[in-house]
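Just so it is clear, the model here is predicted, and its values are computed rather than measured. Counting from 1, the numbers follow the sequence of the chain as shown.
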Amino acid sequence: MNRWYGKLLGFIAGWLLLRHPAGGLIGLLLGHAFDADWFRGPRENPWRVLGLTDEASDAEVDLAYRRLITQYHPDKLSGVADELRRQAETRAREINAAYDRIKTLRKR
């Protein structure tokens, strides 16, 4: 992602709030952190759920999805404890949602 506006707004806000050039630098660093999505959770980054980066090809996305869904599919875990089955269902939902989100983003 090539976002730049967080850095600019952070620099301006830091400069104005601290009234010092060092404030601009602090604001610039915070703006970069927001632009780089450092403050987002793993659910908000679908590539992180699949263990990939946003530069991954469609084939790599498909392969990672198939590998993870095979591992965490609840039907594969018949006969295990209910708690493990619920965890697998939750993880499978996250994997499916991440895969759908990536496919939606790639269509744009």
Side-chain angles (χ1 to χ4, degrees):
M1 292 188 191
N2 294 325
R3 293 187 300 196
W4 54 269
Y5 48 86
K7 294 174 193 70
L8 177 65
L9 295 175
F11 178 79
I12 293 169
W15 184 279
L16 292 175
L17 288 174
L18 297 177
R19 308 256 182 208
H20 192 269
L25 181 63
I26 293 169
L28 182 70
L29 291 174
L30 285 173
H32 172 71
F34 278 106
D35 284 345
D37 294 331
W38 290 357
F39 298 112
R40 289 190 177 201
R43 287 186 177 175
E44 297 175 15
N45 187 349
W47 287 279
R48 190 177 297 166
V49 173
L50 296 181
L52 302 170
T53 63
D54 58 345
E55 289 92 22
S57 68
D58 288 339
E60 291 172 331
V61 170
D62 290 339
L63 183 65
Y65 169 74
R66 287 191 188 112
R67 180 180 48 84
L68 287 172
I69 205 66
T70 302
Q71 181 179 357
Y72 288 104
H73 199 280
D75 291 344
K76 288 228 173 216
L77 300 173
S78 61
V80 298
D82 288 338
E83 180 63 28
L84 289 175
R85 188 171 171 85
R86 279 193 298 268
Q87 288 176 357
E89 288 172 357
T90 303
R91 182 73 173 131
R93 267 190 239 110
E94 290 175 359
I95 293 166
N96 282 325
Y99 183 72
D100 291 341
R101 178 77 175 132
I102 289 172
K103 289 299 181 182
T104 302
L105 290 173
R106 293 274 169 103
K107 285 182 182 177
R108 288 188 201 168

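- Applying the salt bridge (charged side-chain N to carboxylate O under 4.0 Å, His left out) test to every pair with at least one member in residues 57-68, sequence neighbours left out, gives these pairs: Asp58-Arg106, Asp62-Lys103.
- A pairwise comparison of heavy atoms in Val49 and Leu68 identifies O-CD1, 3.8 Å as the closest pair.
- If you take CG on Asn96 and CZ on Arg91, they are separated by 11.0 Å, rounding to the nearest 0.5 Å.
- With respect to Glu89 and Arg86, no salt bridge is recorded, no charged nitrogen being found less than 4.0 Å from a carboxylate O.
- Among all heavy-atom pairs drawn from Thr53 and Trp47, the shortest one is O-CD1, 3.2 Å.
- Looking at every heavy atom in both residues, Ala98 comes nearest to Leu50 through CB-CG, 4.5 Å.
- Going from atom CD1 of Ile102 over to atom CG of Leu52 covers 6.5 Å, rounded to the nearest 0.5 Å.
- By the ring-ring contact (aromatic ring centres under 6.0 Å, His included) test, Tyr65 is found to be paired with Tyr99, residues two or more places apart in sequence or in another chain being considered.
- Taking CD1 of Ile95 as the start and CZ of Arg93 as the end, the distance is 11.5 Å to the nearest 0.5 Å.
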